[in-house]
Each structure stands twice: as C-alpha cells, then as structure tokens.
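See below for the structure under consideration.
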Amino acid sequence: MRCLQSGEPLGRAVEMVPSSESVATSDCSASGHSCLGGQIGNKKPDTGNIEEAESSLRESGVLNYEEARALLGRYEYQKGNLVAALHVFEGIDIVSVTPKIKDALSKSRERRKRYSQNNDEQQMSVHAVALLLEAVFLKAKSLQVLGRFKEAAQSCKVILDIVESSLPEGLPDNFGAECKLQETLSKAVELLPELWKLADCQREAILSYRRALLHEWNLDAETIAKIQKEFALFLLYSGGEAMPPDLRSQMDGSFVPRNNIEEAILLLMILLRKVTLNRIEWDPSILDHLSFALSVSGDLMILANQLEELLPGTIHRKERFYALALCYYGAGKNVEALDLLRKLLSNREDPRHVPSLLMASKICCENFSVTKDPGVSFARMALENLDGRCNQLENLANFLLGVSLSAYSKLAISDAERVKRQSEALHTLETACKLSRMEDPVVLYHLSLEYAEQRKLDAALHYAKCIVKLEVGSNVKGWLLLSRVLSAQKRFLDAESIINAALDQTGKWDQGDLLRTKAKLQIAQGQLKSAIETYTQLLAVLQVHSKSFGSRNKLFKDKRDQIRNLEVEVWHDLAYVYISLSQWRDAEACLSKSRAIKLYSSTRCHAIGKMYEAKGLYKEALKAFRDALDIDPDHVPSLISTAMVLRHCSDQSNPAVRSFLMDALRHDRFCASAWYNLGLLHKAYGTESAFVEGAECFQAAHSLEESEPTHTPTRRPLLSPASLFLCSPYIAASVRYYRLTFAGTRAVWVWLPPYAHHSKLQ
C-alpha cells in the first residue's frame, strides 16, 4: 500500500498472509470518512467492505496489483479524496483482468470449489470480482462528481458489458449476495442512464434504459419500477425522438411501440398494472404522467379504461368520476360525460363540486341540441357555491352562464321571454368581461357574437376589434368574426380587406376558413370568377394539408376530419356557383368530388335539387330535397326549397308549404329566406288578415337580410317591406307613385296598411 501511494513499482503480485491484521485491512479500518453515493460526509467505516477484502485474501492468499489498487482507491474514495481515488482507479488495467472476471462469473452457477494454492493458474474468487467491479463503479461515481459525465458513463458501461457477456441468460437468484456484487450491479444499472443524460447523449441514455429493462439483472421490483418511471419521463419530456425498440425476442404479433409517446404509455401502463397487483406502492404521479401522455396522443378512452381498472380506494371516488368525465368529454362522448357529472353532483356524492358544475355547464352549452339542457342551472349553482372566493372561477362561471342563457333564449316561446333571456345573457357576459378586465379573448368573442346575433352590430364591431387588437391578429376566429360583422353591415370591401390582412399574417395551414370567407364575400359582390379562383386556391391548400397528416396518427384525427369536412363544403360552394352560372357539367363534377369524400350529405342533395330546379325539372328537384331531409330532417335550406317547389307545382295555398316553412323557422328563426317565402304564401291567400301577416313576414325578412352576415354561397335578393304593396291588386298599378327619393340617391318606401283606399294613398 505504501508503494502504491509513493508511486514505486510493486511487481506482479504481493504474497500476503491471510490474516485480519494485514496491512490492507488495517489501512481500511483506519478510515473514518465516507463519500458513498457521490456525497462526502462523516460516517463510520464500511466494515462489510473490510470483510470482503479479508474473504478474498483467505480464498486466494494473493492480493494482486489490481486488487490492491481497488482497495486503496476505495479507501481514498471513502475519505472524500476523489481526485486521489480517481488517480488510483485509473491505474487498474481492467482490460487485462476482464477474461478472469468473465470466467469467474460464468462458473458462478456451479458449486464453488476450493483450489489449492499450489496450482499455477488459480480462478478469481467472487469476492475479488466484486472488489474490482466496485472499483470500476466508484471510478464512475468519482468522474460524475468531477463533472466528467461521458467518461463516467463509459466506465459504468464496462460493468454491464462484462456481466452481460458472462451471463447472457441473466443472473441467477441470490447472485453475489454474500459479497455485495448484486448491490454494485444494481447501482450500476440504475446509474448508467443518468450519466448518459448528464452527458447530453439521448440516444445512449435510451439504449441504456432499454438494456436495463430487457436484460435479466436480478433487480428487485422497486428498482425496476423506478427505472421504468424514469425512462417514461425521459421519453415524454426529453424533447427528442428515439428510434423504435428492436424487440426481436418477443413473440410475433406482440405490440412494439412506434415512437416515444407509445413507449412511455406502455411503461406507465405496466406500472399501473403492478400497482393493481400490489407489487409496488401507489404513486399518484404515474397516473398524472399517463394522463398527459394519453391526452397528447388522443387515446383518452384508454385512459378511461385504466381509471376504471384501478382498485377501489386507490384514488378518491370523486376524483375518479371527474377524471372519467374529462376522458369521455375529450373523446367526444359528451352525453356519457354529462351523466358522470350528474352522478358526481348528486346528493349522495358532492352537489357543491365547483369544477364539475362548471364542466357540466360547458358541455350543455356546446351540445345544446343533444343534451336539451342549456346548463343555466349548473352555472348558477357554481356562482352560488363560489360566493366571491375566487375571481377567476367566478369570471368563468359568469361567462358560462351568459353562453347558457343565450342558448336558453332560443327555447323561448314568446318574444318577451326571448328578449328577457337575451338581455340577461348580455348582462352576464358583460360582467364576465369586466371581471377579466377586457383581457380574455374568449369572453370578448362570445360577447361580440351575442351582440351580432341580436343585430346590435355597432357593439359587436367594437368588441370584434378589441379581440383582434388583444390577440395581435394571432387567432383566425377574431379575423373571421370582424369580417362577418362588417359584411352584416354590407361593408363588403372593408370585410374583404380584413380577410386579406388576415391572410398576410397567418400561415398556409390556417387559411382555409379565411379563403372560404373571402370567396363568399366575392360572391356577395357579384365577382363569381374571382370567387372560383379563390376556391381553387383553397382546394390546393387543403389537398397539401391533408397529405401532411399520417393516416394512423391519432393525434391529428380531429384535424384530419376538420379538413375533410371543409373540403366537402368547398366543393358544395363551387357547385352552387356553377349552378348560378348554368354550368351544369362543372357543377356535376364538383358534386361527384364531394361524393367521393363523403357518401351521405344533405347539402350535396340540396345542391342537386337546386340544379334540377334551375333546369325546370321540379319532380327530380323535389326528390333530391326529400333525400336531403332523409339524411338530416332539420336541414333548413332543404325545408325552404321543398316549400318553394311545392308552391310552384301545386296550389299556392297548399298547407304543406306552410308546414315546411314553419318547420324551417322553428329551427332557424333568423332565416330571412324562410320569412320571405312565408310572406309570399300569405300574399297568395288574398285576404286582408293575410296581407297584414305577410307584411310582418316581409318586414322581418328585410330586417334580417339587412343585418345578415355573408355565410352562404348564394344570396337570394329579398324584397323590402314595400313588397306589401304588390300584395294588393288595386295598388299594384300605382305603386310607383309612393317611392320617395331624397337628394336623388336614396329611395325610401312608405309603409301603408293594405286596406287603405286608393284615394287615401294619393
């Protein structure tokens, strides 16, 4: 030992008497400091290591050069002299002793035999193997503390290479338990991936993790679970994409992960299964990371299945219900999610659970046609339970209450009740806007939308401008809303300039709705050729966009469906344009393209009916409209078109015509075309009471058309309230006398009751 410290040559071997009073063990016993685990601190000498050294000496009677350096290096490491310990460890020629270590490990399965000291070639003992491998491990720890991570990883990898090549079928049970060889190996397996991560070698770290989990290292269950969890976190949050594992040892047909997220999900699901089988302790973070991974990949129903498989008591019953509701909601199963929330909000569970109340109100708002519940009661209960304790949640509750009341107003039977609910909706949305200090774009968006639906366009325009300014033009929805409000004010040039500005500030992938709106604005201005060019540009963008998503990638499934639906709608828009130009072949080509993407579509059937109607084939048109209603009984354009064809082909006062028009208004009371055709129907009756009702219908149609945004590919020009004069046969000849002109530019129609006498009109 003194020769090693002084640097003098020691010779090939030093013969020593196997005694507890040997110099090596005495020097080890003199150490009173320890730096195990990379931390320097005061602790008692490791007597287990001393016993290992004595056992090695008793078995062989020889302490060779490498073993002596291993003892001295461990001595310096325990004292905290890492630089000195590293200097000693680097003097060990591990390459020269590797064959002996491998031979000793490969024969460790057999019963250990004692060899005579007179043999020329003696086998290395397991204790000596443990001593040398521990020296390599302590060298890696020293390098780690000194910041030489890549060298530390390479040194630690040597241990695993030696053991794996010696025992390719895995380690036997209780392997090296008496000499802490298994403990050293377990620490090396766990340390190697961490060293590669510190060295910023992601590929090597992933390979080390897979090696640790696929080879039989005889690790305990907790250590394996720890490695699996750390590997899953590294795959999720490292930011790099690893190569898929090569699991040739698995059976054919077994699942092989294709990317980082799938491999992380597999590991976390294995950990959850171990928890269910009581093999490891419950760790809540496992479920948190699995929820994130499955949410990113879009497999929320798998997460729901995992939650349902957890044993009772693993997580709280209320937490399980709420998490399951989130999963079902994210998977698009809104009715099931709402049922779970109602069960959670029952008197047996927790009727005052604010997150569930807010979520239930949100689901009702978004799926009003399915749930038949606007969610007003849930939002009100949430506000009552909050009682001003949280401004953010109170703001959210007011916002949801406003949206719920807006949806609830559509159920009103009387106009007074509808106006009352709309006023309350505006009030609560304005309250939410004030609570958020005009800094929440979602609240501003719905407030502007509510003003627009109530035809208060100046206020709607103000808040739409606030949205674009707040988001700095980063959200396409803000641009679209501003453009639609301007189009409702018949400022088509301003609306088109807004769309052009939005196109300049957004990427190609976000221009779909913008280009479609631009084409509609061009149609409203009579620029049909320009609209066709815009639609052609949009179709090119959509085709490139659809090819950018893999067909088996669940993450972008919703985006792919959205692109397909938009492409179908664009083909329908083009078909309507070609129908208005009487270009039948082009219209049929567009409809065939739509059919190739989506087999059943009420809009396509309606377009086919409009084409037949334009050709004068009313029976075929009526059949096409009925096909559209078979697909979607609530399709308003088909209801109106059916009424128009029936009125043309049959008696003007056919009750079926009125039935179809009233059905259309029941679904969309803001449809100007339905009001206009209903006015024409009243005109055909020829009675004075019918004239009054017709006047009201024409006035409603005119008001709605004047404030209607551009949202349909074809716009049918509606008559003003002065159309009432045409209803009376004795006024029709002299109607030109009651058109008053101011400054030679603006014409104003004077409304008079239809029963007024002709002389009084003059």
Side-chain angles (χ1 to χ4, degrees), residues 268-269 272-273 275-276 282-408 411 428 432 442-443 446 558:
L268 293 170
M269 290 177 66
L272 274 186
R273 180 57 57 88
V275 171
T276 304
W282 165 243
D283 184 0
S285 64
I286 296 175
L287 187 59
D288 295 337
H289 296 301
L290 182 61
S291 301
F292 168 77
L294 290 172
S295 300
V296 170
S297 63
D299 294 323
L300 290 174
M301 288 309 301
I302 298 179
L303 178 59
N305 295 333
Q306 294 296 316
L307 289 168
E308 291 171 351
E309 290 178 1
L310 289 177
L311 294 176
T314 305
I315 60 176
H316 196 274
R317 180 182 175 88
K318 179 172 63 177
E319 183 182 352
R320 185 197 296 263
F321 278 156
Y322 186 65
L324 282 173
L326 286 173
C327 292
Y328 282 111
Y329 173 71
K333 298 185 176 183
N334 301 309
V335 177
E336 291 83 352
L338 188 59
D339 290 341
L340 283 168
L341 291 174
R342 284 171 174 163
K343 184 180 294 186
L344 174 57
L345 294 171
S346 63
N347 294 328
R348 294 182 57 187
E349 299 296 337
D350 187 3
R352 301 170 61 87
H353 191 242
V354 174
S356 298
L357 289 169
L358 294 175
M359 185 179 174
S361 178
K362 183 179 189 312
I363 293 175
C364 291
C365 294
E366 295 176 350
N367 305 272
F368 175 63
S369 60
V370 178
T371 61
K372 304 301 181 183
D373 183 358
V376 176
S377 59
F378 293 119
R380 292 190 190 278
M381 289 176 62
L383 278 174
E384 292 175 1
N385 293 324
L386 283 170
D387 195 20
R389 291 175 297 173
C390 179
N391 292 333
Q392 288 80 8
L393 290 179
E394 187 176 355
N395 175 33
L396 178 59
N398 275 295
F399 163 69
L400 292 174
L401 179 58
V403 178
S404 301
L405 286 169
S406 177
Y408 191 38
L411 296 178
T428 52
V442 179
V443 177
H446 283 83
D558 294 338

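- Between Leu268 and His289, the closest heavy-atom pair is CD1-C, 3.8 Å.
- Between the CD1 atom of Ile302 and the CE atom of Met269 there is a distance of 6.0 Å, given to the nearest 0.5 Å.
- Residues Ser361 and Leu401 are not in side-chain contact: their nearest non-hydrogen atoms beyond the backbone lie 4.5 Å or more apart.
- Distance CG/Leu357 to CG/Leu345: 4.5 Å, rounded to 0.5 Å.
- Judged by distance alone, the side chain of Ser346 and the main-chain N or O of Lys343 form a donor-acceptor pair under 3.5 Å.
- Contact detail for Cys365 and Leu400: the closest heavy-atom pair is SG-O, 3.8 Å.
- In this structure, the side chain of Asn395 does not engage the main chain of Asn391 through any donor-acceptor pair within 3.5 Å.
- Applying the ring-ring contact (aromatic ring centres under 6.0 Å, His included) rule to Tyr408 yields no partners; only residues at least two apart in sequence or on another chain are considered.
- Side-chain atoms of Ser406 do not come within 3.5 Å of backbone N or O of Gly402 as any donor-acceptor pair.
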Kindly determine whether Leu287 and Trp282 satisfy side-chain contact (heavy atoms from CB on, under 4.5 Å), including the steps that lead there. CA-CA 10 Å; Leu287 187 59; Trp282 165 243; 3.9 Å; yes
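- In plain terms, the two heavy atoms of Ala432 and Phe399 that are nearest each other are CB-N, 3.7 Å.
- Between Ile363 atom CD1 and Glu336 atom CD the span is 10.5 Å, to the nearest 0.5 Å.
- For Ser297 (side chain) and Ala293 (main-chain N/O), a donor-acceptor pair under 3.5 Å exists by modelled atom type.
- Leu358 CG to His353 NE2: the interatomic distance, rounded to the nearest 0.5 Å, is 10.0 Å.
- Counting only heavy atoms from C-beta outward, the side chains of Lys333 and Val335 never approach each other to under 4.5 Å.
- Atom CZ of Arg380 and atom OG1 of Thr428 lie 8.5 Å apart (nearest 0.5 Å).
- With sequence neighbours left out, the ring-ring contact (aromatic ring centres under 6.0 Å, His included) criterion links Phe321 to no other residue.
- Here the side chain of Arg348 pairs no donor or acceptor atom with the backbone of Leu344 at under 3.5 angstrom.
- Listed for the Ser356 side chain is no donor-acceptor partner under 3.5 Å among the backbone atoms of Leu341.
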Could you check Leu405 against Val376 for side-chain contact (heavy atoms from CB on, under 4.5 Å), going step by step and ending with a plain yes or no? CA-CA 6 Å; Leu405 286 169; Val376 176; 4.0 Å; yes
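- In terms of heavy atoms, Val403 sits closest to His446 at CG2-CD2, 3.8 Å.
- Considering all non-hydrogen atoms of both residues, Tyr322 and Pro355 come closest at OH-CB, 3.6 Å.
- The two atoms that bring Leu386 and Val354 nearest to each other are CD2-CG1, 4.0 Å, heavy atoms only.
- Taken from NZ in Lys318 to CZ in Arg320, the straight-line distance is 14.5 Å, to the nearest 0.5 Å.
- Tyr329 has its side chain within reach of Lys362: a pair of non-hydrogen atoms, C-beta onward, lies under 4.5 Å apart.
- Under a 3.5 Å cut-off, the side chain of Asn305 and the backbone N or O of Met301 do form a donor-acceptor pair.
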Could you list the donor-acceptor pairs under 3.5 angstrom formed between side-chain atoms of residues 307-314 and any protein atom two or more places apart in sequence or on another chain?
from   : atom 1 : to     : atom 2 : distance (Å)
Glu308 : OE2    : Tyr328 : OH     : 3.2
Thr314 : OG1    : Leu311 : O      : 2.8

Salt bridge (charged side-chain N to carboxylate O under 4.0 Å, His left out) evaluation trace for Arg317 with Glu349: CA-CA 9 Å; Arg317 180 182 175 88; Glu349 299 296 337; 2.7 Å; yes
